[in-house]
There are 2 protein chains.
Amino acid sequence: MFYQPDYKIFSNCQTCDDRSCASQTLSVSELELLSKNCNEAKFEQGETILAEGSRTSHIIYLREGLVKEYGKSGLQEEYILQVVKPHSYLGLHSIYSDTNNHYSYAALTPVRVCYIDLNVFSQFIKENGRFGYEILSSVCNDSLNNYHRFIDQHQKKINGKLADAILYFAIVIFGKNKFDLPLSRKELAYLIGTSRESVSKQISVFVKDKIISVDDRNIKILDMNRLQNISKVG
Amino acid sequence: MFYQPDYKIFSNCQTCDDRSCASQTLSVSELELLSKNCNEAKFEQGETILAEGSRTSHIIYLREGLVKEYGKSGLQEEYILQVVKPHSYLGLHSIYSDTNNHYSYAALTPVRVCYIDLNVFSQFIKENGRFGYEILSSVCNDSLNNYHRFIDQHQKKINGKLADAILYFAIVIFGKNKFDLPLSRKELAYLIGTSRESVSKQISVFVKDKIISVDDRNIKILDMNRLQNISKVG
DNA sequence: TTATCTTTGTGATATATATCACATTACCAT
DNA sequence: ATGGTAATGTGATATATATCACAAAGATAA
């Protein structure tokens, strides 16, 4: 919470290593326009990148780091919709509804993002069908993934939900069997829709059963087969 | 289950009364192309329009009637993702993943649909940015609605969930306080993620409290304020 | 007609999980 | 140091809801 975002005015999207699939459909002149309307910023772990209810004046592209997309409407408990990986746009789904963001975004690790002017972004979609096609594609896939996760969560018990979450981090986010969980136990509970205590207890059970080993937030999968089975049967 | 879909080979999308927002961005020549690649069909209540796992060879446009979008993966219970209103495309989100539909679609009322060739549809998206923009917009809004419903469901108790569902039909689907529920109690349970028995009991409570009156599947809201309050607090 | 199946309501019981309570540890600021 | 706050683990209890069991009503078929 101590560092102010560090803005760079000039960016060069043509030479950017972190370009999105969609931006690869842009012409040279479109990329120039993008560069002129694109500002980079950094956030530290824990910082809020975008708050629910804020104006959708810019599209945010996540170059580096992990972000949680979460809601916290009114009196309700926080709910983490998903953990967003690099090379995705944040909150695309909000730009067509009203003019406000429907979810909040916070950095789970140090993060680099680009702010892209919404008008320029919309112009690309309207005038470059292939760009729109890529954006549409990513929104659709995102939706499908989230729908599946939601339904799974609804139908599984805590052991299944936790197995899912661990597998999600191991396979989708990190691609390794040993990783540092970027969430507190409380946040993990918000992600899988249970209570902190239940998460703690279920982790203890998995450890006792030698399915995983845990050292603080470092998790190692010891028995992938059993974990996947729990996820299926859960 | 007794009527075979009744296919019409010729259609005229230019003069269609049920045209989607997106199709209104199409040029005359594009509309002609659409007409040539568009077949109408009818389904009776209860018939399956599209099954999970089937090939996404066509896009289906819902002209008339109500459809349930549901999943039923493997051993799991059925889960109704949403009730789809007329003038929407069915299963748009599935066309970019693999080549299969991820959810099933069944008619809740008599239904009229149009099958649109997927290649033609994709061509419109890629070549007509405004068409893509409209499609993207509808996918985004759909996603947001579903995300909100999911989170609400996770955090509310049965009374709140049922209140939500009744308000959803009254306000969004029918626009009246008195309507015929197009779902059985069992399906209603699948929609809000509980058991049939719990739905029955909660309905009885609402009736006893004079919040709604019920005659079979006909529902009338007697006390809108209290119902909305239960939905909020639930 | 009778028989079978589906839908629905409702009471009794079982159970998973939330909640409460408390202890421990670590981290930060003064 | 030292006090305060946040994160975590774990046992006891409360509770919402699923599950089971059964009855009644309608629909459908023989």
Side-chain angles (χ1 to χ4, degrees), chain A residues 1-3 44-46 68 75-80 106 108 152-165 180-209 212-219 230 233-234, chain B residues 1-3 44-46 68 75-80 106 108 152-165 180-209 212-219 230 233-234:
Chain A
M1 305 286 184
F2 307 108
Y3 303 85
E44 293 301 313
Q45 184 178 12
K68 68 170 175 178
L75 320 160
Q76 310 276 24
E77 283 273 300
E78 178 175 323
Y79 188 90
I80 298 181
L108 294 175
D152 277 352
Q153 264 187 38
H154 223 102
Q155 303 188 322
K156 288 180 182 175
K157 280 172 286 173
I158 287 187
N159 57 354
K161 295 187 193 189
L162 182 62
D164 279 351
D180 282 310
L181 196 67
L183 302 172
S184 68
R185 299 290 191 271
K186 201 172 169 183
E187 288 175 310
L188 188 52
Y190 290 151
L191 177 66
I192 65 180
T194 36
S195 67
R196 179 191 67 78
E197 294 94 328
S198 295
V199 167
S200 273
K201 286 170 194 172
Q202 190 60 50
I203 289 178
S204 298
V205 172
F206 281 172
V207 169
K208 205 178 58 197
D209 291 350
I212 60 174
S213 69
V214 173
D215 177 21
D216 202 8
R217 292 195 188 174
N218 186 275
I219 292 183
I230 291 169
V233 177
Chain B
M1 304 287 183
F2 306 107
Y3 303 85
E44 293 301 314
Q45 183 177 12
K68 68 171 174 177
L75 319 160
Q76 309 277 25
E77 283 273 300
E78 179 175 323
Y79 188 91
I80 299 181
L108 294 175
D152 277 353
Q153 265 188 37
H154 223 102
Q155 301 187 324
K156 289 179 180 176
K157 281 172 285 173
I158 287 187
N159 56 354
K161 294 186 193 189
L162 182 61
D164 280 351
D180 281 311
L181 196 67
L183 302 172
S184 70
R185 300 288 190 271
K186 200 171 169 185
E187 288 175 311
L188 187 53
Y190 290 151
L191 178 65
I192 65 180
T194 37
S195 66
R196 178 190 69 78
E197 295 93 329
S198 296
V199 166
S200 274
K201 286 170 193 170
Q202 190 59 51
I203 288 177
S204 298
V205 172
F206 281 172
V207 169
K208 205 180 58 199
D209 291 351
I212 60 174
S213 69
V214 173
D215 178 21
D216 201 9
R217 293 195 188 174
N218 187 274
I219 292 183
I230 290 168
V233 176

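Numbers restart at 1 for each chain; the letters A, B, ... are given by sequence-line order, proteins then strands.
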Would you mind reporting whether B:Gln202 and B:Thr194 have side-chain heavy atoms less than 4.5 Å apart?
-> no
Looking only at C:dA16, D:dT8, D:dT17, the nucleotide nearest the B:Ile158 side chain is D:dT17
Measure the distance from CG on B:Leu183 to P on C:dT6 and round it to the nearest whole Å.
-> 19 Å
Under a 4.0 Å heavy-atom cutoff, the residues of residues 191-202 of chain A touching DNA chain D are A:Arg196, A:Glu197, A:Ser200, A:Lys201
Starting at CD of A:Gln155 and ending at P of C:dA16, how long is that distance when rounded to a whole Å?
-> 17 Å
Interatomic distance, A:His154 NE2 vs D:dT17 C1' [rounded to whole Å] = 12 Å
Would a 4.5 Å heavy-atom cut-off, applied to side chains only, mark A:Leu162 and A:Leu188 as touching?
-> yes
Residue list, salt bridge (Lys or Arg N to Asp or Glu O under 4.0 Å) with A:Lys186, at least two apart or on another chain = none
Just how far, in rounded Å, is C1' of C:dT7 from CD of B:Gln45?
-> 14 Å
In whole Å, what is the span from the CG atom of A:Asp215 to the P atom of D:dT8?
-> 13 Å
B:Leu162 CG to C:dG9 P: how many Å, rounded?
-> 11 Å
List the atom pairs, donor and acceptor, that lie under 3.5 Å between side-chain atoms in residues 154-161 of chain B and the rest of the protein, sequence neighbours left out.
{"residue": "B:His154", "atom": "NE2", "partner": "A:Gly193", "partner atom": "O", "Å": "3.4"}
{"residue": "B:Gln155", "atom": "NE2", "partner": "A:Glu77", "partner atom": "O", "Å": "3.0"}
{"residue": "B:Lys156", "atom": "NZ", "partner": "B:Asp164", "partner atom": "OD1", "Å": "3.1"}
{"residue": "B:Lys156", "atom": "NZ", "partner": "B:Asp164", "partner atom": "OD2", "Å": "2.8"}
{"residue": "B:Lys156", "atom": "NZ", "partner": "B:Ser231", "partner atom": "O", "Å": "2.7"}
{"residue": "B:Lys161", "atom": "NZ", "partner": "B:Ile192", "partner atom": "O", "Å": "3.4"}
{"residue": "B:Lys161", "atom": "NZ", "partner": "B:Gly193", "partner atom": "O", "Å": "3.4"}

Measure the distance from NZ on A:Lys186 to P on C:dT19 and round it to the nearest whole Å.
-> 13 Å
Interatomic distance where CG belongs to B:Asp216 and C1' belongs to C:dG9 [whole Å] = 12 Å
Do the non-hydrogen side-chain atoms of B:Ile212 and B:Val207 ever get within less than 4.5 Å of each other?
-> yes
Are OP1 or OP2 of D:dA7 and a side-chain N or O of A:Arg217 less than 4.0 angstrom apart?
-> no
Where at least one partner belongs to residues 191-209 of chain A, residue pairs that pass salt bridge (charged side-chain N to carboxylate O under 4.0 Å, His left out), sequence neighbours excluded = none
Where the side chain of A:Ser204 is concerned, which of C:dA18, D:dT10, C:dT8 is the nearest nucleotide?
-> D:dT10
Bend of the helix from C:dT1-D:dA30 to C:dT30-D:dA1 from end-axis comparison, five pairs per end, nearest 10°, comes to 40°
Could you tell me the separation between the CG atom of B:Leu191 and the CG atom of B:Leu181, rounded to the nearest 0.5 Å?
-> 9.0 Å
How far does OG of A:Ser195 sit from OH of A:Tyr190, to the nearest 0.5 angstrom?
-> 10.5 Å
Using the test side-chain contact (heavy atoms from CB on, under 4.5 Å), find all partners of B:Leu108 that sit at least two apart in sequence or belong to another chain.
-> B:Leu66, B:Lys68, B:Val83, B:Pro182, B:Leu183, B:Glu187
